[in-house]
Engineer: 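I'd like to ask you about the structure that follows.
In what follows, chains are A, B, ... by sequence order, proteins preceding strands, each numbered from 1.
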Number of protein chains: 2
Amino acid sequence: MRYEQLADLPCSITRPLVVLGDRWTLLILKEAFAGVRRFNAFQSNLGIPRSRLQDRLARLVDHEILVRQQAVDGDHVEYRLSRKGHDLYPILLAIKDWGDAHMAPDGPPVHYRHRDCAGEARVTLACDCCGERMTAHDVVPEAGPGLLAHVDAGARG
Amino acid sequence: MRYEQLADLPCSITRPLVVLGDRWTLLILKEAFAGVRRFNAFQSNLGIPRSRLQDRLARLVDHEILVRQQAVDGDHVEYRLSRKGHDLYPILLAIKDWGDAHMAPDGPPVHYRHRDCAGEARVTLACDCCGERMTAHDVVPEAGPGLLAHVDAGARG
DNA sequence: TAGCGTCGGTCTCGAAAAGAGACCACCCTG
DNA sequence: CAGGGTGGTCTCTTTTCGAGACCGACGCTA
């Protein structure tokens, strides 16, 4: 149980990773973004053991990243992305950009194209104030409200 | 060995995840981006078992994401981000954005600010042609050269 | 030179997680 | 009633992980 306690740390990278950071979870979400909704489809597309898939889907539902429901015609179960889950898309696209750049010697296996446009989807890191593109070197960390709240809670508790 | 074979699939999300998708790897890289370079610093900052850290660092060095070298003053070992590793930053920032949005009830623990600017670093998904901002709904997958090369190789082999 | 601390790194061992595959109840269809 | 598909569970084996002792090399200092 030590590892799960990392989720208590005041860090917005660590906390998601405790949920998403394992062998299968992001792959399951990749499938979900590709339109997969059914248990058996996830299972056969990924080759994941069924019990493992069951664990992961349950955890994603717990965290309200996926929603489990009966299909509209009522004859099977569906796992669909919630709004919160949908917001994960930039993470997968950032991974894809890196994969294309560094693990695709023959070029991108799949283009992710803008609907009705010749362009491709790209993740960019930029300043939300001046709009300038940024890299890690341009970034300076600074304490935010979540950290102060965490310190206060620690002082009280 | 089944799981590692996922890296052979022609998918630029799957392939990086086989390397990055575990409990610790992205956390180690987060520390690296925060300036950590030394074995013991990674270990004590994260609380990761030493043998595990050793595995992960070795794998990251194998994949040329980190570079292992003697420090300039020669008295200790350093693990530094390569260019390839440096390019992972948007992934961590995309995770951080999601964490701020969905797992930080008290607000962001840390602001990632643009140096010499009031702004914050933000990851955005946009079309590289028309510049329009996009979500998962605006994206259409299309076969690329890497997929064709993979199919050809399969047909030959 | 003996003692001590720190460095990156290794080894062992018990606990936890993952993988495989059989098995299940349910529903529908022929 | 048989057959196939559904989501899901159970069991057993293998792999991975976690905790912590242990190691040699190095630098310092008494």
Engineer: In terms of hydrophobic clustering (I, L, V, M, F, W, Y; side-chain heavy atoms under 4.5 Å; direct or indirect links), are B:Phe42 and A:Leu9 co-clustered?
Structural biologist: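 B:Phe42 and A:Leu9: one cluster.
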Engineer: Select one nucleotide: of D:dG8, C:dG9, D:dG18, the one nearest the side-chain heavy atoms of A:Arg68.
Structural biologist: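 Among D:dG8, C:dG9, D:dG18, the one nearest the side chain of A:Arg68 is D:dG8.
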Engineer: Has A:Trp24 got a side-chain N or O lying under 4.0 Å from the OP1 or OP2 atom of C:dA18?
Structural biologist: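 For C:dA18, OP1/OP2 do not have a side-chain N/O of A:Trp24 under 4.0 Å.
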Engineer: With the side chain of A:Arg56 defined as its heavy atoms from C-beta on, choose the nearest nucleotide among C:dT10, C:dG8, C:dA17.
Structural biologist: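 Of all the options, the side chain of A:Arg56 is nearest to C:dA17.
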Engineer: Using heavy-atom distances to pick each residue's nearest nucleotide on DNA chain C, tell me which of B:Ala41 and A:Ile48 is more 5'.
Structural biologist: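 Here B:Ala41 is the residue nearer the 5' end.
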Engineer: Apply side chain to side chain donor-acceptor pair (under 3.5 Å) to residues B:His102 and A:Asp87 and explain how you reach the verdict.
Structural biologist: CA-CA 9 Å; B:His102 296 287; A:Asp87 288 351; 2.7 Å; yes
Engineer: To the nearest Å, give me how far apart CZ (A:Phe39) and C1' (C:dC26) are.
Structural biologist: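 Going from CZ in A:Phe39 over to C1' in C:dC26 covers 15 Å.
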Engineer: Check whether any side-chain N or O of A:Gln54 sits under 4.0 Å from OP1 or OP2 of D:dG7, and answer yes or no.
Structural biologist: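 It does not, given that no N or O in the side chain of A:Gln54 lies less than 4.0 Å from OP1 or OP2 of D:dG7.
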Engineer: Quick one: A:Leu53 CG to C:dG21 P, roughly how many Å, whole number?
Structural biologist: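 Interatomic distance, CG of A:Leu53 to P of C:dG21: 17 Å.
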Engineer: Whole Å only: how far is the CZ atom of B:Phe42 from the P atom of C:dT6?
Structural biologist: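 In whole Å, C:dT6 P and B:Phe42 CZ are 20 Å from each other.
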Engineer: Select one nucleotide: of D:dG18, C:dG8, C:dT10, the one nearest the side-chain heavy atoms of B:Val77.
Structural biologist: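 Out of D:dG18, C:dG8, C:dT10, the nucleotide with an atom closest to B:Val77's side chain is C:dG8.
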Engineer: Write down the distance between CZ (B:Arg38) and P (C:dC7), rounded to a whole number of angstrom.
Structural biologist: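 Atom-to-atom, B:Arg38 to C:dC7, this comes out as 6 Å.
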Engineer: Closer than 4.0 Å, any side-chain N/O of A:Arg52 to the OP1 or OP2 of C:dG21?
Structural biologist: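 False: A:Arg52 side-chain N/O out of range (4.0 Å or more) of C:dG21 OP1/OP2.
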Engineer: Please report the distance, rounded to the nearest Å, between CD in A:Gln43 and P in C:dC23.
Structural biologist: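 Going from A:Gln43 (CD) to C:dC23 (P), I get 17 Å.
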Engineer: Distance check needed: C:dA25 P versus A:Asp75 CG, whole Å only.
Structural biologist: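 The answer, rounded to whole Å, is 22 Å.
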Engineer: Using salt bridge (charged side-chain N to carboxylate O under 4.0 Å, His left out), reason through B:Asp97 and B:Arg122 one step at a time and then give a plain yes or no.
Structural biologist: CA-CA 7 Å; B:Asp97 275 359; B:Arg122 287 258 176 271; 3.5 Å; yes
Engineer: Roughly how many Å is it from CG in A:Leu27 to P in C:dG19, rounded to a whole number?
Structural biologist: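 Roughly 11 Å, once rounded to whole Å.
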Engineer: Is the backbone N or O of B:Ser51 less than 3.5 Å from a side-chain atom of B:Arg56, with the two atoms forming a donor-acceptor pair by type?
Structural biologist: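 Side chain of B:Arg56 to backbone of B:Ser51: no pair is present.
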Engineer: Specify the residue among A:His76 and A:Arg23 whose closest nucleotide of DNA chain D lies further upstream toward the 5′ end.
Structural biologist: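 Its nearest nucleotide being more 5', the pick is A:His76.
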Engineer: Can you identify which nucleotide, out of D:dA19, C:dC7, D:dT6, has its nearest atom closest to the B:Ser51 side chain?
Structural biologist: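 It is D:dA19.
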Engineer: Indicate whether OP1 or OP2 belonging to D:dC10 is found under 4.0 Å from a side-chain N or O atom of A:Arg50.
Structural biologist: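 No, outside the criterion.
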Engineer: What is the separation between atom CD on B:Glu4 and atom P on C:dA18, rounded to the nearest whole Å?
Structural biologist: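 Result: 14 Å.
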Engineer: Would you confirm whether the ring centroid of A:Phe33 sits within less than 6.0 angstrom of the ring centroid of A:Tyr89?
Structural biologist: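 Judged by ring-centre distance (under 6.0 Å), A:Tyr89 and A:Phe33 do meet the cut-off.
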Engineer: What does B:Tyr79 touch in the nucleic acid at a heavy-atom separation under 4.0 angstrom: a base, only the sugar-phosphate, or nothing?
Structural biologist: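 Sugar-phosphate only.
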